[in-house]
Participant: 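Structure in structure tokens, see below.
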Amino acid sequence: MNIPEDLKYTKTHEWARIEGGEAVVGITDYAQEQLSDIVFVELPGIGDSFKQGDSFGVVESVKAASDFYTPLSGTITAANDALLKDPALVNKDPYGAAWMVKLQPVDLKELDNLMDAAAYERFLETEGGHH
Amino acid sequence: MRQTPLYETHVALKARMVEFGGWNMPVQYASIIDEHRNVRRAAGLFDIDHMGQMEVQGPDALPYLQRLLTFDVSVLQMNQAHYSLVCYADGGIVDDIFVYRFPDRYFLAINAANTEKDYQWFLYHTRGFGVDVKDISDSTYMLALQGPKAQAILQKLTTADLNGLQFHYALEDRVAGIPTIIARTGYTGEDGFELFFPVAQGKAMWDRIMEAGKPLGLWPIGLAARDSLRFEPKMPLYGQEIASDINPLEAGLGWAVDFDKGEFIGREALLKVKLEGPRRKLVGFEMVERGVPRHNYELARDGKAVGYVTTGMYSPTLDKNLGLGYVPVELSTLGTEIDVIVRGKPVRAKIVRTPFYTPAYKR
């Protein structure tokens, strides 16, 4: 299980990385592995605003559709259109090429509500493993 | 929840297990798409011990089955198998089954989730017939070996003439030394076999077939790929394409209903449907706009609900998002545009020819 040190994590298996004032958001290696075979990604439009924890997109595997939730409140500044054509990128490179959106965060203090890599790893060992 | 004797084997293969029809079954061992493609390209072995089996014996076995099944059982050659529906008096479907004719008995393969319901239905209707009906599900193991390499793999383990075994025929012989019914049947749209043998031999048979199949590209395959494999050639799944409130004619299964054979349960109701024409039809559709149809999503036309999706998914063979569903007959012609309601939003689809995938059977 790949859990990069430099990211922040949610209990719903999204990650966020702050890059020049923007947050880059995706789903974790654990999430893609649980979903397996991702065949469809639906992303929000640029300019859409979300509160921390709002559903802002959908990932569909062969078996089912799953919502994903924004780790931080903010306004979407970019969506990764490459995923629309090649959803399987999420399985191959969840922390890199398969980033999902960039957003302008409202309040970076919300980062305190997220887990660091060590906490997320512990979370997976306890609750996360029941999926 | 019940588990098959191969449970530990699946866990050792790192399968993801799910509940299906009251059983804890392997849903996938690897990528579902890769498993699916491996069956179309080479071969797959499926643990389907959850499926049920019954035996019907006795002097009245034929007239009894003629009354319970929609198919004309009298035309079955020795060792031949055929698909049939079992219907309620109102034409709704109790189950879909395979019936096999053997010298001393008829053998029925039935759906896992319906096993108890079917057995009770069959028992109830024995009244007045000289028949003995046995539920042999617990003593019978069932594996499916499917794919273009299935025959080459199985032939390593048996002296039976598999090349001479025709599509939808069965023979009784030994496989890996185990007395087995070898049937050239399946639920994938590929050539292949379903094997029935004593439950105690489940693990031995699985291990021997996996070993024989390894050099030919055999993989273990879970229920998720079993579903996508049966979906592409439009093979119905009970609870989705067929159910107690769906009749065979609207499901496009009229070919398994023989009105000319005489009385059978459901005949009168189905004859009425046949004469009047079904009001709705099972159709296949492909997405025109981006979206994945799913079981029970609503189908709409001009903002009005007109039907529902029975099965929908990404099709690994066609590389498209496809669905099966019920629509009124007037919307069932090829090319008709309908909307699939995905998370509250209409997403355009159009009716296309089915099956999506033409089965590659041995003929």
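Computed from a prediction, not measured in an experiment: that's the story for all the values here. So you know, we letter chains A, B, ... as the sequences are listed, proteins then strands, and number each from 1.
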Participant: Answer yes or no: is there a donor N or O on one side and an acceptor on the other, between the side chain of B:Arg290 and the main chain of A:Val41, under 3.5 Å?
Facilitator: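 Yes, B:Arg290 side chain to A:Val41 backbone: donor-acceptor pair under 3.5 Å.
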
Participant: Taking B:His36, B:Met313, B:Arg294 one by one, which has the highest count of heavy-atom pairs under 4.5 Å against chain A?
Facilitator: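 With the most close heavy-atom pairs to chain A, the winner is B:Arg294.
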
Participant: Taking the side chain as every heavy atom from C-beta outward, state whether A:Val58 and B:Val342 have any pair of such atoms under 4.5 Å apart.
Facilitator: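 They are not in contact (no side-chain heavy atoms under 4.5 Å apart), so the answer is no.
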
Participant: Please tell me if the side chains of B:Gln28 and A:Asp37 come closer than 4.5 Å, counting only heavy atoms from C-beta onward.
Facilitator: yes

Participant: Can you establish whether the number of heavy atoms outside B:Lys149 located under 6.0 Å from its atom NZ is more than 12?
Facilitator: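 Counting other residues, nucleotides and ligands, NZ of B:Lys149 stays at 12 neighbours or fewer.
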
Participant: Is it true that, when you exclude B:Phe20 itself, more than 12 heavy atoms of the residues, nucleotides or ligands shown sit nearer than 6.0 Å to its CZ?
Facilitator: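 For B:Phe20, atom CZ is not crowded (no more than 12 foreign heavy atoms under 6.0 Å).
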
Participant: Between A:Ala64 and chain B, with a heavy-atom cut-off of 4.5 Å, which part of the residue counts as in contact: side chain, backbone, both or neither?
Facilitator: backbone

